Amino acid sequence: MDVSHLIDSLNDAQREAVCASPGHYLVLAGAGSGKTRVLTHRIGWLNQVERVPTWAILAVTFTNKAAGEMRARLDNLIQGGTQGLTVGTFHGIAHRLLRRHWREAGLPESFQILDADDQQRMVKRIVAGLGLDEARFPPRQAAWQINSWKDEGKRPENIEAGQHPVTRTLVQIYQAYEDACRRAGLVDFAELLLRAHELWLKQPAVLEHYQQRWRYLLIDEFQDTNSLQYAWIRVLAGRTGQTFVVGDDDQAIYGWRGAKVENVQQFLRDFPGARTIKLEQNYRSTSTILKAANSVIERNGHRLGKQLWTAGEEGERIAVYAAYNEQDEARFVIERIREYVAEHGDAKDCAILYRSNAQSRNFEEQLIQHDIPYRVYGGLRFFDRAEIKDALSYLRLTANRHDDAAFERAVNTPPRGIGDRTLDVLRRRARGESLSMWEAALNELAMGTELAGRAKNAVKGFLAMIDEMARTFSPSPLRGEGWGEGSILPEALAPNSPSPNPLPGGERASNSEALSLAEQIEHAVTQTGLRDFYENDSRGNAESRVENLDELVNVASRFELTPDDIEAGLSELSAFLSHAALEAGEGQGESWDNCVQLMTLHSAKGLEFPLVFLVGLEEGLFPSQRSVEDEGRLEEERRLAYVGITRARKRLFITHAESRRMHGTEMLSRPSRFLGEVPPSLLDEVRPRVQVSRPLYAGRFAEPAPSLQEDLPVKLGQRVSHPSFGEGVVVSAEGSGAHTRLQINFENAGSKWLVAAYAKLTPL
DNA sequence: ACACTATGAGTTTTT
DNA sequence: CTCATAGTGT
């Protein structure tokens with residue numbers, strides 16, 4: 001067979017990786033070195049040359065997008081198709097395993113996935129339910145801690161809290177949260193991985209099956225794996241699996257959410273005979289850009305070590321612009337974009353990359369002013385939108401009445417007179433008797449005394465509505481397992497309830513009268529009053545919300561079960577709900593239009609653009625204030641800078657502002673240290689245009705000095721208080737009069753430069 | 001139960 | 001400053 005298409009276009013290092021003989025490999029793939037190509041061609045090589053059947057190959061990525069791209073490229077590459085090949089995210093694969101082995105994993109058959117938002121609400125209710133002070137145990141942090149523990153593979157009983165009271169309470173929250181999830185049949189993201197891992201450890205037969213099947217493991221973005229994912233791979237590989245991991249320690253930027261770069265080096269120790277292959281030839285950027293990137297990343301210690309190089313052109317120097325303030329910065333960037341668009345054309349070639357989301361605002365304003373189309377990445381995704389989650393929560397309840405997260409959301413959206421007081425009665429009962437909210441409501445209606453007539457009727461109506469909806473969806477009862485079609489209302493409450501008439505033999509209902517998924521959603525959106533509610537929404541965005549609800553129906557009508565779903569025994573509804581949780585969908589408006597791209601440095605990883613604007617390179621912003629004290633975190637910031645620089649193909653612009661409004665106060669900042677780490681010979685300093693910007697600058701400082709100025713004699717060592725930064729000491733001062741800038745060491749907020757005239761300082 | 005006001009927090013994000 | 005949420009008042 002002719003396999004030249006698999007190797008012809010490769011350089012030596014790439015070919016070495018693609019054609020490697022059996023064994024474990026670590027491919028250190030620098031930015032723009034053809035990582036995905038190596039990964040896909042390796043799979044092609046295994047299949048077509050080594051004759052490895054597709055079903056024996058497992059390729060794991062972190063995002064659905066990456067998985068989708070890989071599959072698309074494989075479809076083009078592999079003759080005979082990619083049938084049987086598993087390509088997916090860690091979470092997606094773990095999810096499928098749990099669906100197929102729900103019993104062994106100790107889950108209800110109809111378990112559903114709890115997304116991050118639902119998880120936080122759930123934790124919040126737990127914290128409140130335990131009678132804890134939410135200020136001392138912020139639900140956000142508690143949820144973060146629980147996820148961290150799960151990522152470390154820890155259950156509440158494995159945590160050594162010792163005498164530390166805060167930790168002990170957090171463990172208590174973890175335990176209670178876990179109980180609540182179990183009762184509700186809910187599994188959060190971290191739980192998917194942890195359960196799948198435990199499934200393997202506890203069920204050797206299941207593990208062996210998958211070890212026998214997936215003998216070839218390929219992992220993308222290996223530097224982003226957390227402890228649990230690493231353990232997962234190790235267990236699955238066992239003694240016989242061959243692993244091919246691809247990553248770049250210099251692009252590890254997710255340490256703060258549990259990723260362990262150390263896994264890259266650990267891999268070489270844990271997998272016997274593992275060999276390293278470095279991909280250092282870059283096909284993306286000019287040599288100027290690469291030199292800059294190399295010299296920045298060289299400052300980091302503990303690297304495996306790589307030097308990017310290119311056979312391509314030197315290119316232009318990197319333009320650096322020292323802006324007066326953030327408006328001036330945005331003006332400069334937009335001007336360059338307009339020039340570029342006027343000369344060459346495409347706005348979509350331009351990317352503005354920033355450290356924090358808040359920075360997009362200025363750029364957006366000016367882009368709007370100049371009628372330049374733009375797209376901001378990383379907004380709310382489709383399935384994360386409140387109206388979508390509202391609609392789906394009704395479907396979740398029809399599938400599983402005990403889904404407390406769905407219950408809490410649906411119960412009073414739209415408002416139906418079931419307020420906090422009423423819910424607290426139900427919550428207390430649920431907690432006290434270890435029941436789901438649904439069961440608690442049933443009990444309260446049957447024998448409770450705490451609810452007044454009006455509230456009681458509202459609850460009764462809600463329960464009846466859900467039951468009624470479930471009956472409409474599938475007129476014949478499915479199976480009587482207790483989890484899905486759990487609780488039928490007492491006869492008296494259920495209007496026209498036909499006596500239960502279960503099908504013999506647990507046959508799956510395929511009643512011709514059953515509603516399609518799209519019809520079910522349409523029904524839910526309409527019958528619950530959700531659409532009416534949003535149509536009359538006073539907050540102005542009614543139109544788009546209703547459009548989104550309609551779009552949800554469309555999405556559902558296009559939804560199809562995959563062979564995998566069917567094999568795992570998923571119903572259409574279950575599969576759709578899982579899909580909604582695992583693939584939150586594109587960010588808003590996936591317009592393929594010719595738009596300027598705005599995004600954070602984090603979301604830029606993996607992308608490339610002819611023109612890149614790296615903005616806000618200032619100490620305190622990038623690197624962020626919170627990272628400068630810790631060497632490890634600072635190195636991660638530096639890797640982020642490396643990622644940013646290497647996004648640029650032709651031209652890189654770096655900007656920083658001398659003055660920037662942050663959290664409502666005017667801040668002065670020095671250029672980022674990362675800027676100083678680029679050899680000056682590669683830089684081209686653009687002078688600010690004095691005529692345009694000066695008056696603005698001068699004008700603002702020419703205004704009468706605020707009175708504070710007078711009664712703040714600038715003395716070094718003076719203790720002062722600032723409304724947002726707290727107390728600190730003046731350690732140095734520059735300039736005079738209205739231009740006076742003070743350096744203040746704040747006790748909690750670190751060192752800042754502030755304009756004396758603007759900072760609201762109180763001498764102490 | 002809902003609308004309004006006050007208060008506080010404010011890197012980075014996928015699944 | 002700007003957003004989200006908590007708390008207050010009707």
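What you see is a predicted model, and the numbers here were worked out from it, not measured in a lab. Note: hydrogens, waters and symmetry copies are ignored here, and every other heavy atom, side chains too, is used. Labels below follow one simple rule: chain letters A, B, ... track the order of the sequence lines, proteins then strands, and each chain is numbered from 1.
- The distance between atom OH of A:Tyr377 and atom C1' of B:dT12, rounded to the nearest whole Å, is 18 Å.
- Taking the syn range as angles within 90° of 0, the glycosidic angle of B:dT11 is syn.
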Margin query: Go through it in stages, so that I can follow the logic: the residues are A:Leu218 and A:Leu58, the test is side chain to side chain contact (heavy atoms under 4.5 Å, CB included), and I'd like the CA-CA distance, side-chain angles, deciding distance and then a yes or no.
Written below: CA-CA 6 Å; A:Leu218 298 97; A:Leu58 172 67; over 6 Å; no
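- Between A:Arg428 and A:Glu450 there is a salt bridge, with a side-chain nitrogen of the basic residue lying less than 4.0 Å from a carboxylate oxygen of the acidic one.
- Between the C1' atom of B:dT13 and the CZ atom of A:Arg140 lies a distance of 11 Å, rounded to the nearest Å.
- Ring-plane geometry between A:His579 and A:Phe576 is classed as parallel, the angle between the planes falling under 30 degrees on a 0 to 90 degree scale with a further cut at 60.
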Check: side chain to side chain donor-acceptor pair (under 3.5 Å) between A:Asp565 and A:Thr562: does it pass, once the steps are laid out?
Finding: CA-CA 5 Å; A:Asp565 294 333; A:Thr562 66; 3.1 Å; yes
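- Remark: A:Ser603 is in phosphate contact with B:dT13, judged by side-chain N or O atoms under 4.0 Å from OP1 or OP2.
- The CD1-C1' distance, from A:Ile253 to B:dT13, rounds to 9 Å in whole Å.
- B:dA1 atom C1' lies 13 Å from atom CZ of A:Phe533, rounded to whole Å.
- Residue contacts shown for A:Arg633 include a base, since a base heavy atom lies under 4.0 Å away.
- Contact check, A:Thr600 against B:dT13: a side-chain N or O comes under 4.0 Å of OP1 or OP2.
- The pair A:Lys389-A:Asp118 meets the salt-bridge criterion, with a side-chain N (NZ, NE, NH1 or NH2) lying under 4.0 Å from an Asp/Glu carboxylate O.
- Here A:Arg361 reaches the OP1 or OP2 of C:dC3: one of its side-chain N or O atoms lies under 4.0 Å away.
- Annotation: A:Tyr210 is in aromatic contact with A:His101 [ring centroid separation under 6.0 Å].
- Comparing the P positions of C:dA4 and B:dT13 gives an interatomic distance of 16 Å, to the nearest angstrom.
- At a threshold of 4.0 Å, the pair A:Arg670-A:Glu618 does not count as salt-bridged, since none of the basic side-chain nitrogens sits closer than that to a carboxylate oxygen.
- Residues A:Ala190 and A:Glu637 each lie close to DNA chain B; by heavy-atom proximity, the contact nearer the 5' end of the strand is made by A:Glu637.
- Toward the 5' end of DNA chain B, the nearer of the two residues A:Ala358 and A:Ala584, judged by each one's closest nucleotide, is A:Ala358.
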Could you list, one pair per line, each protein nitrogen or oxygen that sits under 3.5 Å from a nitrogen or oxygen of nucleotides 5-10 of chain C, together with the distance?
{"residue": "C:dA6", "atom": "OP1", "partner": "A:Lys124", "partner atom": "NZ", "Å": "2.5"}

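- Rounded to a whole Å, the NZ atom of A:Lys150 is 13 Å from the C1' atom of B:dT15.
- Nucleotides B:dT12 and C:dT5 place their P atoms 16 Å apart, quoted to the nearest Å.
- Applying the 4.0 Å criterion to OP1 and OP2 of B:dT13, one finds that A:Asn357 has a side-chain N or O inside that range.
- Contact annotation for A:Gln119: no contact, since no heavy-atom pair falls under 4.0 Å across all strands.
- Taking only side-chain atoms of A:Ala116, from C-beta outward, the nucleotide of C:dC1, B:dT15, B:dT11 with the closest atom is B:dT15.
- Checking the phosphate oxygens (OP1, OP2) of B:dT15, no side-chain nitrogen or oxygen of A:Arg257 falls inside 4.0 Å.
- Counting any heavy atom pair closer than 4.0 Å across all strands shown, A:Ile93 reaches no nucleic acid atom.
- Remark: ring of A:Tyr254 not stacked against base of B:dT13; the cut-offs of centroid gap under 5.5 Å and plane tilt under 30° are not jointly satisfied.
- Distances shorter than 4.0 Å separate none of the side-chain N or O atoms of A:Asn64 from OP1 or OP2 on B:dT14.
- Atom CG of A:Asp151 is separated from atom C1' of B:dT15 by 11 Å (rounded to the nearest Å).
- By the 30° and 60° cut-offs, the orientation of the rings of A:His602 relative to A:Tyr254 is tilted.
- Within the 4.0 angstrom heavy-atom criterion, base atoms lie near A:Ser624.
- Side-chain N/O atoms of A:Arg626 include one lying less than 4.0 angstrom from OP1 or OP2 on B:dT11.
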